[in-house]
There are 2 protein chains.
Amino acid sequence: MERASPPVPGPDAFWSCESYVVVVTPGTPTTQRSQAVTLEQPTLEAACEAIADGLEREALVTVFGRCTVDYDGRASSTLEAGDRHVMLKPDGAALVHTDEGQQPVNWQPPGCDHDVRCDGGADGESDPELILESVRSTPDERLCVRFEEVLQVSTFFGADENELALSGTEEDLRQRILDEPALLETGFTPLATERDTPAGAIDIYGEDAAGRSVVVELKRRRVGPDAVSQLRRYVDALERDLHADAAVRGFLVAPSVTDRATRLLSDHGFEFVPLEPPAE
Amino acid sequence: MERASPPVPGPDAFWSCESYVVVVTPGTPTTQRSQAVTLEQPTLEAACEAIADGLEREALVTVFGRCTVDYDGRASSTLEAGDRHVMLKPDGAALVHTDEGQQPVNWQPPGCDHDVRCDGGADGESDPELILESVRSTPDERLCVRFEEVLQVSTFFGADENELALSGTEEDLRQRILDEPALLETGFTPLATERDTPAGAIDIYGEDAAGRSVVVELKRRRVGPDAVSQLRRYVDALERDLHADAAVRGFLVAPSVTDRATRLLSDHGFEFVPLEPPAE
DNA sequence: GCCTAGGTCCCGTGG
DNA sequence: CCACGGGGCCTAGGC
């Protein structure tokens, strides 16, 4: 193992009221992959080495410390110095989290190349810093995180064979109607899902008891004006497609609907069916 | 400090090829808040105590280990055992990350109450586990993470006074047009932003050289059919609002537009103006 | 690669 | 509290 024990924090380590010394015990190789390796209060150089090693070995790497963040790509952003938690994933994703919010303050999607280096300090011209860069193309985007201080670096190896099982989606709602078409209206007959039109794919296409064409738009949650517009696009397109002057009925299926959307529905002569995705 | 050094991994610690001993050095209190405290390979009980302490002290807490995840709320999900990285934020947000994807596999938005406990094992009836729960109301939602094994617990304290400065937003694009209305069309005069209609707020409302009403919808990126529908809602609403039969012109301003959206624009007699948010 | 639409979307801003 | 629309949205599925 090339990374020896990190240096004990020197007398200039001003920020800590608890200090930790990490001691590496030589380990024996094993088939088990799960592992978390942590450096506390490393020097920037030690942090750099640990991060580079983690990236090389395709670990999930986290870095906590005082940093600035610059992003340039589809938009541009800057973030002045503060303490943040950075996660680099082996698939190329990068996340910068503050202590607030579900969303990262800055990020990079999967597919990026992560890079780490130490810079400055040697010549006294500039303060030393540890620089994380995540870059991708299509679109060209660059995320740059500069640490003036690193409090922790961790590398995580794990196994995760299982995938999320999710229910209560729009797909579940569709199945519910296909299983019991009368939930939409007595006499409704589904004929296709994802039926294509020049305006896009119709969630459920079918016929009513009188043989009239029916367009069904599904939403797993309460709907607003946008869902009505979407339904309108499909109904318009289908009427044009059938180019007979056959009236096409439009149904919006969702748990509930806002006032404004209700108004829009009525303006267009569409119908609303309150229905939720199955609970289970 | 009540949390003493974590136990040295016993001979049954089968999974590690590198093991770390964390030694606590008594520290001196300081005004500096930045701090990262880590337990490696703690027992479930030690992990529980450390997490509870971190939550109590409003730290950002991370836990890495083998866990299952159950979510129930707006939808429901289950995730079988695997190694994941969990982050609990002091604002009540919770994030469960696998080694893939920019998005967490499970989460809870800010505003939740986090809770941690140890369960089972004592009576031999069930395997011991560490249970993290994040609960909120409106809507009622519960996230439950059960660890059978914890490889690391960290608590982070930091200071972050600065906020993100972002440019290249729709707001920047709007300002660009307000500064130079001719970018839309010679003779265009903006009269209002966020002008309210029964269908919602118009990004920019104004008049053309001939005094005709103009509705401008802005998008910071390439637009598809949804943006055209949005413009249509506003134009329709405004025409009804003015209830004179005065024609209202609709403009879509964006860097570019898809084929289908181009077709929809022409169907509705709307105009497209290619324009990007300022780069700077 | 682009297009289209879903999402436990999150998030801010009004009402 | 709800409603509405933006977002560097991300992500999956087609083509």
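Since the model is a prediction, treat every value here as computed from it, not as a measurement. Naming: A, B, ... by sequence-line order, numbering from 1 per chain.
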Among D:dA3, D:dG6, D:dG8, which is the nearest nucleotide to the side chain of A:Arg74? D:dG8
Separation between the P atoms of D:dC4 and D:dG8, rounded to whole Å: 23 Å
Is A:Arg142 atom CZ crowded by more than 12 heavy atoms from other residues, nucleotides or ligands, each under 6.0 Å away? no
Give a yes or no answer on whether the side chain of B:Asp172 reaches the backbone of B:Gly168 with a donor-acceptor pair at less than 3.5 Å. yes
Counting side-chain heavy atoms from CB outward, which of D:dG8, C:dG6, C:dC11 is closest to A:Asp203? C:dG6
Would A:Glu194 and A:Arg174 pass as an ion pair if we require N to O under 4.0 Å? yes
With a 4.0 Å cut-off on heavy atoms, is A:Arg220 in touch with a base, just the backbone sugar-phosphate, or nothing at all? sugar-phosphate
Below 4.0 Å: OP1/OP2 of C:dT4 and any side-chain N or O of A:Tyr234: no
What residue pairs, at least two apart or across chains, pass salt bridge (Lys or Arg N to Asp or Glu O under 4.0 Å) with a residue in residues 220-233 of chain B? B:Arg232-B:Asp236
Reckon A:Arg136 touches a base, only the sugar-phosphate, or nothing at all at heavy-atom distances under 4.0 Å? nothing
Please list, in numerical order, the residues of residues 85-103 of chain B that have a heavy atom closer than 4.0 Å to any atom of DNA chain C. none
By ring pair (Phe, Tyr, Trp, His ring centres under 6.0 Å), which residues pair with B:Phe270, not counting sequence neighbours? B:His268
Closest of C:dG6, C:dT4, D:dG5 to the B:Pro225 side chain is C:dT4
Does a side-chain N-to-carboxylate-O contact under 4.0 Å join A:Lys219 and A:Glu217? yes
May I ask you to decide whether A:Lys89 forms a salt bridge with B:Glu100, counting only side-chain N to carboxylate O separations under 4.0 Å? no
Secondary structure of DNA chain D in dot-bracket form (Watson-Crick or G-U wobble, distances below 3.5 Å, | marking inter-strand pairs): |||||||.|||||||
Can a side chain N or O of A:Tyr71 be found less than 4.0 Å away from OP1 or OP2 on D:dC9? no
When you measure only distances, ignoring hydrogens and angles, does the side chain of A:Gln108 come within 3.5 Å of the base of D:dG8 through a donor and an acceptor? yes
Kindly point out which of D:dG8, D:dC2, C:dT8 is positioned nearest to the side chain of A:Trp107? D:dG8
Salt bridge or not for B:Arg176 and B:Glu276, using N-O below 4.0 Å? no
With the threshold set at under 4.0 Å for non-hydrogen atoms, list the residues of residues 252-270 of chain B touching DNA chain C in residue-number order. B:Thr258, B:Arg260
Side chain B:Glu170 and base D:dG6 donor-acceptor under 3.5 Å: no
Looking at the side chain of A:Thr138, which of D:dG8, C:dT8, C:dC2 is the nearest nucleotide? C:dC2
At less than 4.0 Å, is any side-chain N or O atom of B:Gln230 found next to OP1 or OP2 of D:dC4? Yes or no. no
Regarding B:Asp226, tell me which of base, sugar-phosphate or nothing describes its non-hydrogen contacts under 4.0 Å with the strands shown. nothing
Using a 4.0 Å heavy-atom cut-off, does B:Pro109 contact any base of the nucleic acid, only the sugar-phosphate backbone, or nothing at all? sugar-phosphate
Return whichever of A:Ser77 or B:Ala201 has its heavy-atom-nearest nucleotide of DNA chain D closer to the 5' end. B:Ala201
Contact class for A:Thr169 (heavy atom, under 4.0 Å): base, sugar-phosphate, or nothing? sugar-phosphate
With nearest nucleotides of DNA chain D determined for A:Pro110 and B:Glu217 from heavy-atom distances, which residue corresponds to the more 5′ nucleotide? B:Glu217
State whether B:Asp113 and B:Arg136 are salt-bridged, where the test is any N-O pair (Lys NZ or Arg NE/NH1/NH2 against Asp/Glu carboxylate O) under 4.0 Å. no
ring-ring contact (aromatic ring centres under 6.0 Å, His included) pairs touching residues 61-82 of chain A, sequence neighbours excluded, are A:Phe64-B:Phe156
Looking at B:Asn106 and C:dT8, is any side-chain donor or acceptor paired with a base atom of the opposite kind under 3.5 Å? yes
More than 12 non-hydrogen atoms from neighbouring residues, nucleotides or ligands closer than 6.0 Å to CZ on B:Arg195, yes or no? yes
More than 12 heavy atoms from other groups under 6.0 Å of CD on A:Glu163: no
Taking only N and O in the side chain of A:Arg221, is any of them less than 4.0 Å away from OP1 or OP2 of C:dG6? no
